[in-house]
Participant: 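My questions all concern the structure below.
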Amino acid sequence: MTELDELYQEVILEHSKAPRNYRRPEATNRSAEGYNPLCGDRFTVFLDMEGDAIRDIGFQGSGCAISRASASMMTQSLKGKSKKEAARLFEEFHRLVTGHAETPEERTKLGKLAAFAGVSKFPVRVKCATLAWHTMQSALEGKQNPVSTE
Ligand code: ZN
């Protein structure tokens, strides 16, 4: 496989072409903006929180294939999750894309998100893959300032 094949696995390509939850949920009660100046990725993540649970989540904006696919798959993974579960999943995803998820069990736990394992070989792309997640975390915490990866 070429480097590009490894990086842009099929599932990533598919999500980047047809992002899921690319919308602002009607009942959005939290949102945050995120920007990755290295690549130009810029997203807003919208949350519809019911107490401690993510009842609905969506995003809008523009970015490279990796950042779009990551945002799309993140929204699918987080719908219905609690704040704590979302934080834990981000932690596990972060370990994966930075090359620290070494055991097969760790990867299996991440399900489809494991497609991003190849990103760990491209340090510049780690910011693309985690931008939506950082932005989601900021929205969860109700922060006012836009997130920047720099
Ligand atoms: Zn990017």
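What you see is a predicted model; the values in this text were computed from it and never measured.
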Participant: Working to the nearest 0.5 angstrom, can you tell me the gap between I12 CD1 and S67 OG?
Facilitator: 11.0 Å
Participant: Go through the structure and list residues passing side chain to side chain donor-acceptor pair (under 3.5 Å) with T149, not counting sequence neighbours.
Facilitator: N36
Participant: Quick one: salt bridge (charged side-chain N to carboxylate O under 4.0 Å, His left out) partners of E106, sequence neighbours excluded?
Facilitator: R95
Participant: Report yes or no: do F90 and F43 belong to one cluster of Ile/Leu/Val/Met/Phe/Trp/Tyr joined by side chain heavy-atom distances under 4.5 Å?
Facilitator: yes
Participant: Output all residues satisfying salt bridge (charged side-chain N to carboxylate O under 4.0 Å, His left out) with R88, sequence neighbours left out; order by chain, then residue number.
Facilitator: none
Participant: Grab the two heavy atoms, one from G58 and one from P25, that are nearest each other, plus how far apart they are.
Facilitator: N-CG, 3.9 Å
Participant: With heavy-atom distances below 4.5 Å as the criterion, would you say the side chains of V119 and V126 are in contact?
Facilitator: yes
Participant: What residues form a side chain to side chain donor-acceptor pair (under 3.5 Å) with T98, not counting sequence neighbours?
Facilitator: H100
Participant: Which value, rounded to the nearest 0.5 Å, describes the distance between C128 atom SG and F122 atom CZ?
Facilitator: 12.0 Å
Participant: By ring pair (Phe, Tyr, Trp, His ring centres under 6.0 Å), which residues pair with H15, not counting sequence neighbours?
Facilitator: none
Participant: To the nearest 0.5 Å, what is the distance between CG on L47 and NZ on K83?
Facilitator: 10.0 Å
Participant: For the atom pair CG (L131) and SG (C64), what is the distance rounded to the nearest 0.5 Å?
Facilitator: 9.0 Å
Participant: Under the side chain to side chain contact (heavy atoms under 4.5 Å, CB included) test, which residues partner S16, sequence neighbours left out?
Facilitator: L13, A65, R68, A69
Participant: Keeping the roles fixed (side chain from R30, backbone from L140), state whether a donor-acceptor pair exists under 3.5 Å.
Facilitator: yes
Participant: The criterion is salt bridge (charged side-chain N to carboxylate O under 4.0 Å, His left out); which residues satisfy it with K112, sequence neighbours excluded?
Facilitator: none
Participant: Does the pair E92/K109 count as a salt bridge with the N-to-O cut at 4.0 Å?
Facilitator: yes
Participant: Hey, is the main chain of T75 close enough, under 3.5 Å, to the side chain of K79 for a donor-acceptor pair?
Facilitator: no
Participant: Do you know which two heavy atoms are closest between Q60 and Y22, and how far apart they sit?
Facilitator: CA-CE1, 3.6 Å
Participant: Can you give me the closest heavy-atom contact between S148 and P37, atom names plus distance?
Facilitator: OG-CD, 3.8 Å
Participant: Suppose we screen for ring pair (Phe, Tyr, Trp, His ring centres under 6.0 Å). Which residues come up paired with F46, at least two apart in sequence or across chains?
Facilitator: none
Participant: Might you work through the side-chain contact (heavy atoms from CB on, under 4.5 Å) test for L78 and M73, ending with a clear yes or no?
Facilitator: CA-CA 9 Å; L78 292 183; M73 287 164 78; over 6 Å; no
Participant: Are E14 and R20 within salt-bridge range, i.e. N to O under 4.0 Å?
Facilitator: yes
Participant: Is L96 close to S120 at the side-chain level, that is, under 4.5 Å between some pair of heavy atoms?
Facilitator: no
Participant: How many angstroms lie between atom CG of L89 and atom OG of S82, to the nearest 0.5 angstrom?
Facilitator: 10.5 Å
Participant: Taking E141 for the side chain and S138 for the main chain, is one N or O donor matched with an acceptor at less than 3.5 Å?
Facilitator: no
Participant: Just by modelled atom types, is the R24 backbone N or O under 3.5 Å from a matching donor or acceptor in the T28 side chain?
Facilitator: no
Participant: For I66, does its backbone N or O pair with a side-chain atom of S70 as donor and acceptor, under 3.5 Å?
Facilitator: no
Participant: Would you please name every residue forming a salt bridge (charged side-chain N to carboxylate O under 4.0 Å, His left out) with E50, sequence neighbours left out?
Facilitator: R55
Participant: Considering residues at least two apart in sequence or located in another chain, which fulfil the ring pair (Phe, Tyr, Trp, His ring centres under 6.0 Å) criterion with F93?
Facilitator: F116, W133
Participant: Testing the basics here: between T135 and A32, what is the closest heavy-atom pair and its distance to 0.1 Å?
Facilitator: CG2-O, 3.2 Å
Participant: How would you list, by chain and number, every residue that makes a side chain to side chain donor-acceptor pair (under 3.5 Å) with T130, sequence neighbours excluded?
Facilitator: none
Participant: Which heavy atom of V45 sits nearest a heavy atom of A139, and at what distance?
Facilitator: O-CB, 4.3 Å
Participant: Mind listing the closest non-hydrogen atom pair of Q9 and A115 along with its distance?
Facilitator: NE2-O, 3.6 Å
Participant: Which residues pass the side chain to side chain donor-acceptor pair (under 3.5 Å) test with E91, not counting sequence neighbours?
Facilitator: none
Participant: For residues M136 and I57, determine if any side-chain heavy atom of one lies less than 4.5 Å from a side-chain heavy atom of the other.
Facilitator: yes
